[in-house]
There are 2 protein chains.
Amino acid sequence: MGAVMTASKSEAAYQLVSERIVNGAYSPGYRLVLGTIADELGCSVVPVREAIRRLEAEGLVHFTRNVGATVAHVDSTLYLHTMQTLMIIEPAATALAADAMDAAWLAEARKLNDAMRQCLEDFDPVAFTRMNTEFHKLLYGQCPNPHILDLVQRGWRRLAAMRASSFTHIPSRAKASVQEHEALLELIANHATPAQIETACRAHRANTLNAYLASAGMPPSAI
Amino acid sequence: MGAVMTASKSEAAYQLVSERIVNGAYSPGYRLVLGTIADELGCSVVPVREAIRRLEAEGLVHFTRNVGATVAHVDSTLYLHTMQTLMIIEPAATALAADAMDAAWLAEARKLNDAMRQCLEDFDPVAFTRMNTEFHKLLYGQCPNPHILDLVQRGWRRLAAMRASSFTHIPSRAKASVQEHEALLELIANHATPAQIETACRAHRANTLNAYLASAGMPPSAI
DNA sequence: AGCACACTGATCGTATACGATTTGATGTAC
DNA sequence: GTACATCAAATCGTATACGATCAGTGTGCT
């Protein structure tokens with residue numbers, strides 16, 4: 001326990017609830033009662049309340065005055081909106097991170113994508129999803145603009161919360177996804193411009209979104 | 001005063017401080033002391049603290065544990081990051097709002113842009129800035145994706161907070177800006193695709209950003 | 001039976017209080 | 001004169017307490 005321990009209780013509450021929502025321990029609709037969480041953390045309700053309000057701002061929980069907070073419900077509209085946002089921001093973040101994509105970076109990305117291909121052969125969708133998240137993190141993670149980076153991370157956290165609830169998973173996309181990753185890495189290896197990287201990355205995200213929309217009988221995204 | 005009055009004190013505090021930051025009453029660096037604001041609102045520090053933390057999440061205030069909050073400082077890096085974010089999101093929001101751009105909408109947008117041109121002749125930069133904000137709000141305002149809309153609005157609020165502090169204003173851009181607005185409206189009138197609208201809008205934002213970067217002796221944005 | 005209404009238990013919203021932490025100033029040694 | 005230790009005032013972080021509000025339930029009336 002000799003660790004820094006500079007974190008506030010409000011921060012601890014945020015971490016706890018946030019993690020439980022993202023990894024699915026708290027399912028959509030779960031009622032977040034301040035007093036209960038406060039007891040669990042051994043603190044009072046004030047810091048918990050602050051944490052909940054932060055999560056509300058992130059869109060992970062729904063809050064009603066004088067009633068309380070619940071983990072946000074997932075529906076096709078929310079999924080569409082989140083994916084659309086990510087489809088716009090992540091490619092830009094990736095393009096802006098182009099400077100950091102050197103040979104070592106490429107090697108790591110290729111290794112990860114190869115591992116994803118292996119997951120396909122092993123029929124291991126859980127590992128595939130985990131690695132896919134990691135791969136994309138590698139793409140946008142070095143974005144030098146902290147605002148954009150933050151937005152991308154929030155989007156992925158929301159997606160994680162949804163995926164944990166088994167809301168959506170389209171196996172047929174997985175194989176194409178790995179190939180698109182491959183093509184994107186090839187582009188980067190050949191010193192494509194940031195604009196080209198953004199375009200390719202956007203196409204990749206759009207394909208994923210449109211595959212879902214098609215499976216739900218909805219028209220493809222306008223952009 | 002017979003109004004609904006369902007707003008919480010925390011909400012009132014948020015509105016007050018937020019407005020003062022955006023309209024410049026609180027300048028960058030201004031120290032936000034919980035007790036002082038609480039006294040002014042006639043409430044205790046708890047709701048004020050909550051409001052401040054919300055503003056922190058929005059990026060309008062800087063917060064240090066055990067020290068307190070100050071209105072976020074504006075520097076060229078922050079301005080660059082905010083503009084870059086807006087350059088990515090606003091064109092997408094505008095493209096997604098294409099469905100709502102009918103004849104009536106076009107007429108209003110043209111009227112507003114004409115008024116902006118008049119401001120140029122009258123050398124009235126304050127009115128010009130206000131109308132420019134309004135014009136862009138007209139562009140993205142009908143975006144059907146609430147997440148994206150929210151991000152754009154937050155970006156503009158940050159810009160407003162910066163502009164109020166007279167951080168940046170490039171008169172030479174104003175004339176070109178009006179012409180680019182004109183061209184964009186022409187595109188929309190001719191039923192351009194959402195993708196085309198996005199591209200034109202992005203170019204418009206990029207021009208503004210790059211004009212600033214050039215004036216500051218910095219290289220243009222990568223995307 | 002069906003509807004309206006009062007009541008109750010649970011939970012939230014905020015005030016107040018107090019310990020914890022930081023900052024800046026003062027004094028002292030070198 | 002500079003560097004450092006010490007101290008006091010200011011401010012924050014959180015616990016506790018209590019009034020306010022809401023969802024659910026039971027009762028009486030039509």
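Worth knowing before you read on, the calculation uses all heavy atoms, side chains too, and leaves out hydrogens, waters and symmetry mates. Numbered from 1 within each chain, the chains take letters A, B, ... in sequence-line order.
- Checking D:dG13, C:dT11, D:dT11 against the side-chain heavy atoms of A:V33 singles out C:dT11 as nearest.
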- Item | A:E56 and A:R53: CA distance, side-chain angles, deciding distance, salt bridge (charged side-chain N to carboxylate O under 4.0 Å, His left out) verdict | CA-CA 5 Å; A:E56 183 204 10; A:R53 295 301 294 261; 3.1 Å; yes
Could you pull out every donor-acceptor pair under 3.5 Å between side chains of residues 146-154 of chain A and any protein atom, sequence neighbours left out?
| residue | atom | partner | partner atom | Å |
| --- | --- | --- | --- | --- |
| A:H147 | ND1 | B:R158 | NH2 | 2.8 |
| A:H147 | NE2 | B:R158 | NH2 | 3.3 |
| A:D150 | OD2 | A:R154 | NE | 3.3 |

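- Legend: residues meeting side chain to side chain donor-acceptor pair (under 3.5 Å) with B:R54, ordered by chain and number and at least two apart, are B:E11.
- Counting non-hydrogen atoms under 4.0 angstrom, B:R31 reaches the backbone sugars and phosphates but no base.
- In this structure, CD of B:E50 is placed 14 Å from P of D:dG13, rounded to the nearest angstrom.
- With sequence neighbours left out, the side chain to side chain donor-acceptor pair (under 3.5 Å) criterion links A:R202 to B:E198.
- Among residues at least two apart or in separate chains, side-chain hydrogen bond (donor to acceptor under 3.5 Å, both in side chains) pairs with a member in residues 88-103 of chain A are A:E90-A:H136, A:E90-A:W156, A:E90-A:R205.
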Quick test: give all pairs of protein nitrogen or oxygen and nucleotides 16-23 of chain D nitrogen or oxygen below 3.5 Å, distance rounded to 0.1 Å.
| residue | atom | partner | partner atom | Å |
| --- | --- | --- | --- | --- |
| D:dT21 | O3' | A:N66 | ND2 | 3.2 |

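- B:L32 comes within contact range of the sugar-phosphate backbone alone, with a heavy-atom separation under 4.0 Å but no base atom that close.
- Listed by chain and number, the residues in a side chain to side chain donor-acceptor pair (under 3.5 Å) with B:R173 are B:E180, B:T208 (sequence neighbours excluded).
- Paired runs in DNA chain D that reach 3 or more consecutive Watson-Crick or G-U pairs, where each pair keeps both distances under 3.5 Å, cover C:1-30 with D:1-30.
- Contacts of A:T64 with the nucleic acid, taken as non-hydrogen atoms under 4.0 Å apart, are absent.
- Residues passing the side chain to side chain contact (heavy atoms under 4.5 Å, CB included) test with B:T64 are B:H62, B:V67, sequence neighbours excluded.
- No side-chain donor-acceptor contact under 3.5 Å links B:W105 to the backbone of B:L139.
- In this entry the distance linking CZ of A:F63 with P of C:dT11 reads 14 Å, nearest Å.
- Partners of B:S18 according to the side chain to side chain donor-acceptor pair (under 3.5 Å) rule, which considers only residues two or more places apart in sequence or in another chain, are B:R157.
- Between B:I52 atom CD1 and D:dT11 atom C1' the separation is 13 Å, expressed in whole Å.
- Between the NZ atom of A:K9 and the P atom of C:dA20 there is a distance of 11 Å, rounded to whole Å.
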